[in-house]
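First comes the structure, then the notes that go with it.
The analysis underlying the following values was restricted to heavy atoms, covering all of them including side chains, and did not include hydrogens, waters or symmetry mates.
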Amino acid sequence: MCIQVIADNVGDNVGDIAGMGSDLFGSYAEASCAALVVASISSFGINHEFTAMLFPLIISSVGLLVCLLTTLFATDFFEIKLVKEIEPALKKQLVISTVLMTVGIAIVSWIALPSTFTIFNFGEQKVVKNWQLFLCVSVGLWAGLIIGFVTEYYTSNAYSPVQDVADSCRTGAATNVIFGLALGYKSVIIPIFAIAISIFVSFSFAAMYGVAVAALGMLSTIATGLAIDAYGPISDNAGGIAEMAGMSHKIRERTDALDAAGNTTAAIGKGFAIGSAALVSLALFGAFVSRAGVTTVDVLTPKVFIGLIVGAMLPYWFSAMTMKSVGSAALKMVEEVRRQFNTIPGLMEGTAKPDYATCVTISTDASIKEMIPPGALVMLTPLTVGIFFGVETLSGVLAGSLVSGVQIAISASNTGGAWDNAKKYIEVKYYFTK
């Protein structure tokens, strides 16, 4: 049990903290680069308007200031006394930061941007007003909040979807898997509509530059999102330490309740990450076709259609590789645990200590080595397709992978969050009834 808890703690640190942070940092950098690339061939770059060119970076800077201000509401303005108040307080942080960021975007758009300017739009210059760009950023910002709360509905044990998943455990693992997958698939609907609306509005106003700044708007409050995202893993690790230390079940009961609230807010952070990744991918796609001189992508062309099919397959291939890697690492871990039980006298009786270091080494080594093939797939596919089949086929591959990747990411993320919180719901309910 201790080996399992240690592996869980390591996984929380690597996946939920380091992994989520690097993912969102990558989305932030990609959105900024996409916006700067498109702006460089617009009136900002042509006329050397330095302040206007820095607009994407100014959005990020204002977001950091807003998130710092938002922390005061959690530490100084509202006092939390009960466990049930934690989750609403964490969610309130997102609402407060979104409202404050909307005001900040309005001020920055008025100061940093000229009243009228032009944006590169596939070979033409599109006339845009500063208030239109404000709406582009705002629609991404509020779409992110909507995605976050929809994610919360489908992953929080306070609502019926997760409770139904927990209830399905009474009839076995098969029904539990069916309910969990159905929940994940259903949870895709509203976020996709929110992303679609934000893309339509931002593209209508400011072409691909509008999409890029909409992605930055969605990511502008991510400092708050990351803070509440880390709450779950911290609480879970505290519960793991309490379990290994043999503390009272009341301690574990409290940490499970805290972890359940943290899992929900962590899922909200994942919703932000996936939604922004969709907008960022589209913005990068726009930057690619702009620099490559592609004016239209005709899906009736055989090359492009084949690229769409292959691109839509890539997220499944990538997911299969990562899932197999996890399974391989888990198999090695189980074999090591069995070896220790068979070779260390007194381990089964609890009189001897297991070799924790070897198990931790297995998990950490696998997390690095097993990611090389999936990483190579992501890096080499665009290069291979572009070199051997041309930019039109590559356009199809990128578009197909973008569409299917978003669906898989939202579904899988919410399914995992629902299963995790269903487990916490059962544990907490069991403890309370005892």
Side-chain angles (χ1 to χ4, degrees), residues 23-68 97-98 100-122 125-145 195 198-199 201-226 272-273 275-291:
D23 181 18
L24 290 170
F25 176 78
S27 295
Y28 227 137
E30 290 161 5
S32 301
C33 290
L36 291 171
V37 167
V38 177
S40 66
I41 51 179
S42 302
S43 64
F44 299 154
I46 296 172
N47 300 329
H48 303 288
E49 299 177 45
F50 184 70
T51 304
M53 270 291 295
L54 292 180
F55 181 69
L57 303 182
I58 295 174
I59 293 175
S60 304
S61 302
V62 173
L64 291 174
L65 295 176
V66 165
C67 292
L68 286 173
S97 62
T98 301
L100 293 177
M101 190 62 198
T102 304
V103 177
I105 293 169
I107 296 172
V108 168
S109 300
W110 179 63
I111 295 175
L113 298 174
S115 58
T116 304
F117 48 91
T118 60
I119 292 295
F120 182 83
N121 182 26
F122 300 105
Q125 291 290 334
K126 181 181 179 68
V127 178
V128 180
K129 299 182 183 299
N130 56 4
W131 62 268
Q132 291 176 319
L133 210 57
F134 159 73
L135 290 178
C136 292
V137 183
S138 298
V139 73
L141 176 65
W142 285 93
L145 186 65
I195 293 171
S198 62
I199 290 173
V201 172
S202 57
F203 188 87
S204 299
F205 282 145
M208 280 299 176
Y209 186 75
V211 176
V213 295
L216 283 172
M218 190 177 291
L219 288 165
S220 60
T221 58
I222 209 59
T224 297
L226 275 176
F272 270 89
S276 62
L279 295 179
V280 168
S281 299
L282 182 58
L284 288 173
F285 179 75
F288 162 72
V289 296
S290 298
R291 302 299 293 187

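Within the model, atoms CZ of Phe203 and SG of Cys136 stand 11.0 Å from one another, a figure rounded to the nearest 0.5 Å. Rounding to the nearest 0.5 Å places CG of Leu282 at 9.0 Å from OG of Ser198. Between atom CG of residue Leu54 and atom OG of residue Ser61 there is a gap of 9.0 Å, rounded to the nearest 0.5 Å. Considering CD1 of Ile107 and CZ of Phe134, their distance stands at 10.0 Å, rounded to 0.5 Å. Rounding to the nearest 0.5 Å gives a distance of 9.0 Å between OG1 of Thr98 and CD1 of Ile105. Between the OG1 atom of Thr102 and the CG atom of Leu141 there is a distance of 4.5 Å, given to the nearest 0.5 Å.
Within the 4.5 Å cutoff, the side chain of Val137 has no heavy atoms near those of the Leu216 side chain. Here the side chains of Val62 and Ser220 are not in contact, with every heavy-atom distance at 4.5 Å or above. Side-chain contact between Ile195 and Ile199 is present, with heavy atoms from C-beta onward closer than 4.5 Å. Val128 places none of its side-chain heavy atoms less than 4.5 Å from the side chain of Phe205. The side-chain heavy atoms of Pro56 and Leu36, taken from C-beta on, include a pair separated by under 4.5 Å. Ile59 is listed as a side-chain neighbour of Met101, based on a closest heavy-atom distance under 4.5 Å.
By the side chain to side chain contact (heavy atoms under 4.5 Å, CB included) test, Leu113 pairs with Phe44, Ala52, Phe55, Ser109, Phe117, Asn130, Leu133, sequence neighbours left out.
Shown here for Thr224 and Ser97, the closest heavy-atom pair between the two residues is OG1-CB, 4.0 Å.
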